[in-house]
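Take a look at the structure set out below.
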Amino acid sequence: MKDEKLPRKEKFSEWYNEILQMAEIVDVRYPIKGICVWYPFGFALRQRIYSILRSLLDVDHQEVMFPLLIPENEFMKEAEHIKGFEEEVYWVTKGGSKSLEMPLALRPTSETAIYPILRLWIRSHVDLPLKIYQIVNTFRCETKHTRPLIRVREITSFKEAHTAHSTWGEAELQVKDALKLYGDFFRRLAVPHVITKRPDWDKFPGSDYSMAVDTLMPDGKALQIGTVHHLGTNFAKTFDVRYEDPVGEQRYVNQTCYGISERCVAAMIAVHGDDKGLVLPPEIAPTQIVIIPIVAKGMDTLDACKHVLDMLKGEYRTVLDDSQERPGAKYYKWEMKGVPLRAEIGPREMERDEVMLVRRDTFKRETVPLSKLSKAVEDMLSAIHANLYEKARQSLESRIVDCKTLDEAKVAIQKGMAKVSWCGEEGCGLRMGEVTNGGVLGELAAIESGKCLICDKKTDKVVLMARSY
RNA sequence: GGGGCAGUAGGGUAGUCUGGUCUAUCCUCGCGGCUUUGGGAGCCGUGGACGGCAGUUCGAAUCUGCCCUGCCCCA
């Protein structure tokens with residue numbers, strides 16, 4: 001495996017498929033379409049990412065666990081919702097050899113599993129706001145081309161939060177809070193992103209409106225990496241979720257839900273990775289520092305390495321690679337795994353009580369005395385995160401282009417996103433998509449006066465357009 | 001949604017058109033051993049494969065059909 005080369009990142013599709021296997025993120029060889037296996041290393045990476053997400057949510061949400069199976073009658077209650085998911089639902093229809101009286105859906109998302117129970121949990125205004133989340137697998141029988149971590153039939157890592165509030169306005173504040181939380185989360189992954197309001201024809205089925213978080217992949221296509229939905233009282237009415245307000249009136253709750261999936265792992269890999277493999281932000285890297293001994297006759301460099309390991313392992317996830325491979329082979333191996341810092345100790349370093357540190361993101365090397373090692377490592381790790389985020393941010397911003405004509409937009413969309421004026425009409429939005437071979441991602445919060453590129457009507461709405469996954 | 005192409009050890013391949021010493025090639029990999037160690041080491045030994053089901057045939061990796069899986073292009 002060590003002699004196999006990763007395709008260059010310019011060939012993004014090949015690069016992406018190969019890196020998942022070579023860096024041991026997921027094994028795509030499981031014999032069901034759109035379903036993969038997490039390797040131990042990939043799973044460790046996933047755990048680190050999701051523990052960040054948990055820590056952000058746990059501030060004011062409670063974690064729960066709802067069942068995978070949803071009875072048909074509950075699933076079929078909300079008309080819009082059914083329309084959105086019906087064609088992708090897996091059904092369990094048999095128990096052993098006998099048909100079930102009521103078919104059971106494998107959750108494609110959990111609104112219809114959770115909300116009948118919220119009806120029981122929520123009685124009065126003192127139960128509100130209620131904020132829960134779960135991290136579970138969900139199933140969607142995707143009809144389009146599947147891609148590991150990006151378009152899958154089993155979403156293994158669906159974090160879905162569900163909240164209930166007294167008023168529409170309070171729910172709207174929750175939408176803003178959720179977007180802020182997602183912003184914090186993606187900054188920790190050093191993944192820059194844009195936030196837009198999805199057009200009505202592309203919102204979550206059953207929501208009042210949907211907000212989306214997108215990033216740009218290296219091939220210029222947008223990847224939706226998070227969504228936040230204002231559900232209003234739509235589901236509350238369907239599932240009869242009511243509370244008694246302070247003056248004794250029965251009212252429907254206003255709800256939100258918001259989700260993140262393993263696409264966040266895909267985005268982090270794709271945004272930072274390079275021709276040599278993964279490049280991981282230090283907070284996420286399962287191994288933060290690898291120590292490589294350079295063996296030489298008559299000098300016990302291995303002992304010096306063990307000493308350095310002892311110095312570092314309390315504070316950083318550190319590994320000493322004392323395997324029998326040669327140093328070069330070890331460099332390639334750990335670079336593939338994205339380890340942020342490599343420490344080398346050979347005769348030169350030993351004589352002077354030094355360590356050579358090499359950064360994964362820039363390959364810059366620096367020799368530091370043992371006495372200053374801890375501080376140097378701390379500084380370099382934080383510099384790596386800052387550099388990854390800054391580079392990615394610039395790359396994203398340079399690919400968002402203001403466009404005054406459809407021709408300009410068509411060109412911009414080949415490499416990134418086009419920012420254009422739009423009147424707000426569905427017909428014009430869809431037409432813009434057809435003409436440019438892209439689609440309307442969503443509306444930006446910014447207001448800029450201009451004219452709709454299709455109907456020429458005056459407008460202050462600005463939308464982002466892109467090709468997307 | 002429409003149209004192509006492909007599936008041979010863990011990974012990548014030769015062989016398929018023209019069925020027969022294919023007892024399946026080469027590289028990589030795994031295991032055992034010896035020598036090595038500042039950017040993918042060398043030698044010796046050894047291990048492992050024709051996607052599945054059915055059909056044609058004396059005989060199928062090779063031909064036919066269906067299924068599964070993957071990749072590419074267009075909308």
Grab the CE-C1' distance between A:Met22 and B:G12 for me, whole Å please. 11 Å
Considering every strand and a 4.0 Å limit on heavy-atom distances, what is the contact class for A:Arg29: base, sugar-phosphate, or nothing? sugar-phosphate
Same-atom distance (P) from B:C67 to B:A49, integer angstrom: 29 Å
Base, sugar-phosphate alone, or nothing: which one does A:Glu335 contact when heavy atoms must sit under 4.0 Å apart? base
Considering only the P atoms, how many Å lie between B:C17 and B:G65, rounded to the nearest integer? 15 Å
Taking N and O atoms by type only, does the side chain of A:Glu349 place a donor or acceptor under 3.5 Å from a partner on the base of B:G38? yes
Under 4.0 Å from OP1 or OP2 of B:G38: is there any side-chain N or O of A:Arg326 that close? yes
Is there a salt bridge (charged side-chain N to carboxylate O under 4.0 Å, His left out) between A:Lys11 and A:Asp275? Walk through the geometry before answering. CA-CA 10 Å; A:Lys11 299 178 180 174; A:Asp275 289 351; over 6 Å; no
Rounded interatomic separation in angstrom, taking CE from A:Met356 and P from B:G39: 10 Å
Pairing partner (Watson-Crick or G-U wobble, both distances under 3.5 angstrom) of B:C43: B:G33
Using whole Å, report how far CD1 of A:Ile19 lies from P of B:G11. 19 Å
Quick check: are there more than 12 heavy atoms from other residues, nucleotides or ligands sitting under 6.0 Å from NZ of A:Lys77? yes
Could you let me know what B:A61 is paired to, Watson-Crick or G-U wobble, both distances under 3.5 Å, or none if it's on its own? none
Rounded to whole Å, the OH-C1' distance (A:Tyr331 to B:A41) equals 14 Å
Give the B/S/- string for nucleotides 67-75 of chain B, one per nucleotide from 5' to 3', where a protein heavy atom under 4.0 Å of the base yields B, of only the sugar-phosphate yields S, and otherwise -. --SSBB---
Using a 4.0 Å heavy-atom cut-off across all strands, classify A:Pro293 as base, sugar-phosphate, or nothing. nothing
Given A:Ser157 and A:Arg46, is the side-chain hydrogen bond (donor to acceptor under 3.5 Å, both in side chains) satisfied, shown in steps? CA-CA 9 Å; A:Ser157 318; A:Arg46 189 198 99 120; 2.5 Å; yes
Rounding to the closest angstrom, what is the interatomic distance between B:G12 and B:G32 at atom C1'? 25 Å
Quick one: A:Gln324 CD to B:U36 P, roughly how many Å, whole number? 12 Å
Can you sort out the partners of A:Lys306 under side chain to side chain donor-acceptor pair (under 3.5 Å), two or more places apart, ordered by chain and number? none
Provide, to the nearest angstrom, the distance between the CG atom belonging to A:Leu320 and the C1' atom belonging to B:U37. 14 Å
Tell me whether A:Lys9 at atom NZ has more than 12 heavy atoms from other residues, nucleotides or ligands lying less than 6.0 Å away. yes
Taking the same atom, P, in B:U57 and in B:U62, what whole-Å distance lies between them? 16 Å
If the C1' atom of B:G11 is compared with that of B:G70, how far apart are they to the nearest Å? 15 Å
If the P atom of B:G48 is compared with that of B:G38, how far apart are they to the nearest Å? 35 Å
When the C1' atoms of B:C31 and B:C22 are compared, how many Å lie between them, rounded to an integer? 27 Å
Lys/Arg N to Asp/Glu carboxylate O, A:Lys404 vs A:Glu408, below 4.0 Å: no
Pair assignment for B:C66, Watson-Crick or G-U wobble, requiring both distances under 3.5 Å: B:G52
Base-pairing mate for B:G10 - Watson-Crick or G-U, with both contacts under 3.5 Å: B:U28
Heavy-atom nearest nucleotide on RNA chain B taken for A:Arg365 and for A:Thr143; more 5' hit belongs to A:Thr143
To the nearest Å, how far apart are A:Met336 CE and B:G39 C1'? 14 Å
Please report the distance, rounded to the nearest Å, between NZ in A:Lys330 and P in B:A41. 11 Å
Whole-angstrom distance between B:C29 and B:C74, as gauged at atom C1': 39 Å
For A:His193, run the ring-ring contact (aromatic ring centres under 6.0 Å, His included) check against A:Phe186, A:Phe185, A:Tyr389, A:Tyr182 and tell me which one passes. A:Phe186
Results of side chain to side chain donor-acceptor pair (under 3.5 Å) for A:Thr367 - residues two or more places apart only: none
Verify whether one side chain among A:Arg399 and A:Gln394 offers a donor that lies under 3.5 Å from an acceptor in the other. no
